[in-house]
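Here is how names work: the chains are called A, B, and so on, in the same order as the sequence lines, proteins then strands, and each is numbered from 1.
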Amino acid sequence: MRYLITAALPYANGPLHIGHLAGAYLPADIWARFLRLKGHETLFICGSDEHGVAITLRAWQENTSPQAIIDQYHPLLEKSLREVGISLDFYGRTSDPLHHQVAQHFFSTLLTKGWLEKKAVEQFWDPKAQTFLPDRYIIGTCPHCGFEEAYGDQCEKCGTLLSPTELRDPRSRLTGVTPEKRLSEQYYLRLDALQPQVEAFFRTRSWKPNVYPVIQSWLSAGLTPRAITRDLDWGIPVPDLPGKVLYVWFEAPLGYISLTRKWAESQGQPTAWERFWKDPDTRIVHFIGKDNIVFHTLVFPAILLAAGEGYTLPHDVPANEFLNLEGNKLSTSRRWTIDIHEYIAAAPDRIDELRFVLTALMPQTQDRDFTWEEYTSRINNELIATLTNLIHRILSLLWRYGNTHLVKVPDFLLQWRAETAREMAHALFSYDFSKALNTLLGLAQKANKSLTEAAPWHLQADEAQKIVAGYGDLLAAFGTLLEPFLPVHVAPTLRRYLDIQLFTWDRIEDPTPLVRELRLAAPPQPLVKKLSSEELSSLREKLLPTASPPPSTPPPSTPLTIEDFQKVLLKVVTIRAAEKVPKADKLLKLTVEADDGLHTVVSGVAQHYSPESLIGQQAIWVANLPPRTLRGIPSEGMLLFAEGENGTLVRVGPEKTVPPGSIVK
RNA sequence: GGCGAGAUAGCUCAGUAGGUAAGAGCGCAGGAUUCAUAACCCUGAGGUCGCGGGUUCGAUUCCCGCUCUCGCCA
């Protein structure tokens with residue numbers, strides 16, 4: 001079987017962040033690497049999406065040209081992807097003349113075949129910027145609540161969804177001038193007429209459980225004609241129609257075809273692309289985020305079907321959900337992101353670690369949350385403690401007994417390893433990347449256990465050496481099993497160190513010994529270094545200094561009764577002692593005095609207050625919370641702090657000193 | 001407003017084609033161990049499987065209603 005793998009074309013309007021990585025690029029890469037190891041002919045392509053109104057508007061706002069914007073981001077995007085080990089065979093861009101040609105060809109073909117229709121629509125035009133405005137670039141007064149800053153698509157104050165024509169006193173967000181309504185003729189794709197074909201295609205595929213319902217609901221609602229042209233000067237010109245360009249959603253997916261053709265040209269075999277697009281033995285798989293599901297499962301296939309030129313339809317579209325950051329949606333405009341290029345700059349030696357964490361947290365069926373706490377604990381307690389520590393453990397034992405070892409593998413290790421490889425393959429073929437990774441960790445766990453039970457360190461050296469050498473087979477297997485997940489540093493370093501090859505996946509699935517002999521040239525070094533709290537803080541500081549979480553509008557709390565409120569016992573306490581909790585960068589252990597004596601409270605304010613500065617101060621204490629153990633210290637109740645800007649915490653206390661234990665009511 | 005998804009241990013999640021004591025990892029408590037990056041190994045505590053009804057000998061699992069969260073669409 002031959003595979004063409006694509007990852008969503010990143011928009012050349014901003015950098016990539018960890019959400020993009022976890023959503024599309026990382027799963028696509030793991031899959032591509034795995035398929036290659038499985039021995040399938042695999043082509044993995046991607047490229048920058050360089051058209052669209054957001055780029056035009058951005059250029060206008062920054063007083064530069066769209067070309068300058070894409071020339072800034074295109075190289076950055078490619079560099080970021082390459083540096084996190086995304087093993088693309090080709091990375092191109094949609095501003096390429098060949099892409100224009102392909103997209104225009106599709107337009108003309110569809111027009112000739114009668115799948116397009118012309119319709120006149122009224123749109124807002126900004127006379128100063130000389131451009132049509134998308135809905136969200138129009139601002140005005142909400143007809144429902146009177147809010148004066150409502151957007152053309154939605155009022156952020158009352159939540160009502162709007163259309164720009166409903167706004168009173170509409171203004172352009174670009175220039176502030178009043179936009180004019182203009183009638184404009186556009187081409188529409190007759191998705192309604194294509195629905196039967198699209199539906200037939202839909203039924204021949206088995207979709208991921210998070211993808212299926214989305215398509216289903218669109219189809220049952222009935223597809224409607226959709227505009228594929230607009231009035232802009234940046235984009236792919238519509239043939240014979242000056243002033244109009246193709247809408248990005250129409251031409252960007254066609255990029256998969258033109259990028260494959262560019263790849264073929266770069267190989268000196270200009271027709272090689274047809275193997276991937278016109279041969280039914282090729283499976284085309286698009287990795288995307290959930291926001292792109294409709295375009296890849298319905299619209300793009302509709303375009304290919306309409307063109308009727310024998311293009312292969314997508315085999316699968318394994319879309320992922322979204323990744324959140326510390327409980328809030330990722331947002332480039334609010335700068336609430338971890339950008340890939342910034343992560344690389346801050347932690348150039350920890351690429352595999354990021355890949356590991358994002359694979360473990362991959363939002364495969366539902367949104368997931370990335371937190372720094374989880375990042376640390378996954379690296380230290382799973383990647384290192386379970387997996388790379390096992391490798392280091394075996395290597396250290398081997399080194400102790402000599403530097404050349406004949407490997408005789410016990411049966412159970414061969415079986416475990418082969419089973420693991422098979423189970424991982426099964427999980428990967430169903431796009432369950434977290435499960436594949438967990439299966440791998442399970443192997444390490446079993447091996448850790450059996451090694452502990454065998455306890456070779458209690459045995460005579462020659463006997464011990466034999467036992468440990470048996471685990472050498474596992475090391476050889478890890479050199480391959482880790483490759484799809486940790487290809488930047490861990491897997492290649494291990495292979496280089498032991499001078500072992502990258503095996504085929506089938507070879508790993510076969511329970512026969514992989515190597516006869518292992519040589520260690522130098523004392524082993526840990527493959528991954530433990531993440532210290534200092535390193536973590538510096539990483540956080542580098543990556544989030546400018547970011548602020550979206551304004552945390554406190555949830556409109558359910559109405560509280562006075563009885564409910566009286567359940568909370570608040571007292572003023574005096575802080576008598578304070579010390580840092582060892583090995584916790586946030587926690588302070590505080591001893592507070594109330595009317596009934598001293599209490600211990602562990603509080604997460606170490607990054608905002610030094611212990612000394614708190615001693616003698618008063619604070620408000622929630623007295624009737626059940627005790628909870630933090631870092632082994634029983635903590636009674638909690639102290640109240642106000643959350644200021646950028647998450648700073650500020651102590652809340654009485655205006656004047658009062659006796660400890662005074663009730664707050 | 002319509003549609004969809006989710007609600008399971010302190011946290012992040014798996015699972016049950018309805019059936020003897022509901023699982024993992026992390027965290028927590030204790031133990032064992034020292035080859036290993038205070039890592040590994042063992043034991044334990046902790047869950048009326050969102051709420052209310054129904055079907056059934058039996059429901060966390062099926063059906064209906066409700067609440068909350070998220071998303072998509074208009």
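When the C1' atom is used for both B/A36 and B/U60, the distance is 42 Å, rounded to whole Å. Comparing the C1' positions of B/A21 and B/C28 gives a spacing of 23 Å, expressed to the nearest Å. Spacing of P atoms, B/A29 relative to B/G71, comes out at 37 Å, to the nearest Å. Separation of the P atoms belonging to B/U48 and B/C11 is 12 Å when rounded to the nearest angstrom. Using atom C1' as the reference point in both B/G52 and B/C57, the two lie 23 Å apart (nearest Å). B/U16 sits 12 Å from B/C62 when the C1' atoms are compared, rounded to a whole Å. Going from the P atom of B/A9 to that of B/G23 covers 14 Å, rounded to whole Å. Taking the P atoms as reference points, B/C66 lies 49 Å from B/G30, given to the whole Å.
Minimum atom distance to the side chain of A/Arg368 is reached by B/C13, of the listed B/G71, B/A36, B/C13. Relative to the side chain of A/Leu397, the nucleotides B/U37, B/A39, B/C35 differ in distance, and B/C35 lies closest. Side-chain proximity of A/Trp218 to B/C73, B/G25, B/C41: nearest is B/C73. The side chain of A/Lys290 approaches B/G71 more closely than any other nucleotide in the set B/G71, B/A36, B/U12. When distances run from any side-chain atom of A/Glu382 to the nucleotides B/G25, B/U12, B/C41, the shortest one goes to B/G25.
In this structure, the CD1 atom of A/Ile394 is 14 Å from the P atom of B/U37, given to the nearest Å. If you take CZ of A/Phe370 and P of B/C11, they are 20 Å apart, rounded to a whole angstrom. The CG atom of A/Asn381 sits 7 Å away from the P atom of B/C40 (whole-angstrom rounding). As a whole-Å value, the separation of A/Glu321 CD from B/C72 P is 10 Å. If you take CZ of A/Phe356 and P of B/U37, they are 19 Å apart, rounded to a whole angstrom. Straight-line distance from the OH atom of A/Tyr375 to the C1' atom of B/U12: 18 Å, rounded to whole Å. Atom CG of A/Leu387 and atom P of B/C40 are 12 Å apart (whole Å). Here the P atom of nucleotide B/U37 and the CZ atom of A/Arg393 are 11 Å apart, to the nearest Å.
Aromatic ring centroids of A/Phe370 and A/Trp372 lie under 6.0 Å apart. Aromatic pair A/Tyr375/A/Phe356: centroids not less than 6.0 angstrom apart.
In this structure, A/Arg226 is positioned above the aromatic face of A/Trp249, its NZ or CZ under 6.0 Å from the six-membered ring centre and within 45° of the axis.
Considering only residues two or more places apart in sequence or on other chains, A/His286 meets the ring pair (Phe, Tyr, Trp, His ring centres under 6.0 Å) condition with A/Tyr256, A/His296, A/Phe300. Take A/Arg350 and apply the salt bridge (charged side-chain N to carboxylate O under 4.0 Å, His left out) test, not counting sequence neighbours, and it matches A/Glu353, A/Glu535. Partners of A/Arg417 according to the salt bridge (charged side-chain N to carboxylate O under 4.0 Å, His left out) rule, which considers only residues two or more places apart in sequence or in another chain, are A/Asp473. With sequence neighbours excluded, the residues satisfying salt bridge (charged side-chain N to carboxylate O under 4.0 Å, His left out) with A/Arg378 are A/Glu374, A/Glu382. Residues passing the side-chain hydrogen bond (donor to acceptor under 3.5 Å, both in side chains) test with A/Asn320 are A/Lys208, sequence neighbours excluded. Scanning for side-chain hydrogen bond (donor to acceptor under 3.5 Å, both in side chains) contacts around A/Tyr471 gives A/Ser450, with sequence neighbours left out. Not counting sequence neighbours, A/Glu453 has no partner by the salt bridge (charged side-chain N to carboxylate O under 4.0 Å, His left out) test.
Crowding of A/Lys446 atom NZ: a count of heavy atoms from other residues, nucleotides or ligands under 6.0 Å exceeding 12. At most 12 non-hydrogen atoms from other residues, nucleotides or ligands lie less than 6.0 angstrom from CG of A/Asp499.
Contact detail for A/Val248 and A/Asp49: the closest heavy-atom pair is CG1-OD1, 3.7 Å.
Using a 4.0 Å heavy-atom cutoff across all strands shown, A/Asp367 reaches sugar-phosphate atoms only and no base atom.
At least one side-chain nitrogen or oxygen of A/His392 sits closer than 4.0 Å to the OP1 or OP2 atom of B/U37. For the OP1/OP2 pair of B/C70 and a distance below 4.0 Å, the side-chain nitrogens and oxygens of A/Lys329 include no atom meeting the criterion.
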Which dot-bracket string fits RNA chain B when only Watson-Crick or G-U wobble pairs with both atom distances under 3.5 Å count, crossing pairs get [ ], and | stands for a partner on a different strand? (((((((..((((.....[...)))).((((.........)))).....(((((..]....)))))))))))).
Per-pair distances, 0.1 Å, donor-acceptor, side chain in residues 460-467 of chain A, under 3.5 Å, sequence neighbours excluded:
{"residue": "A/Gln465", "atom": "NE2", "partner": "A/His405", "partner atom": "ND1", "Å": "2.7"}

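In terms of position along RNA chain B, the nucleotide closest to A/Lys529 lies nearer the 5' end than the nucleotide closest to the other residue of the pair A/Lys529 and A/Glu453. For the pair A/Glu374 and A/Val294, both in contact range of RNA chain B, the more 5′-proximal nearest nucleotide belongs to A/Glu374.
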Enumerate all atom pairs, one protein N or O and one N or O from nucleotides 31-34 of chain B, separated by less than 3.5 Å.
{"residue": "B/U34", "atom": "OP1", "partner": "A/His458", "partner atom": "NE2", "Å": "3.1"}

Dump the pairs, protein N or O against N or O of nucleotides 2-7 of chain B, anything under 3.5 Å, distances to one decimal.
none

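A/Glu199 and A/Gln195 form a side-chain donor-acceptor contact under 3.5 Å, judged by distance and modelled atom types alone.
Side chains of A/Glu117 and A/Pro225 form a contact here, defined as non-hydrogen atoms less than 4.5 Å apart.
Listed by residue number, the members of residues 432-449 of chain A with any heavy atom below 4.0 angstrom from RNA chain B are A/Gln445, A/Asn448, A/Lys449.
You'll find a donor-acceptor pair under 3.5 Å spanning the side chain of A/Thr388 and the base of B/U37, going by distance alone.
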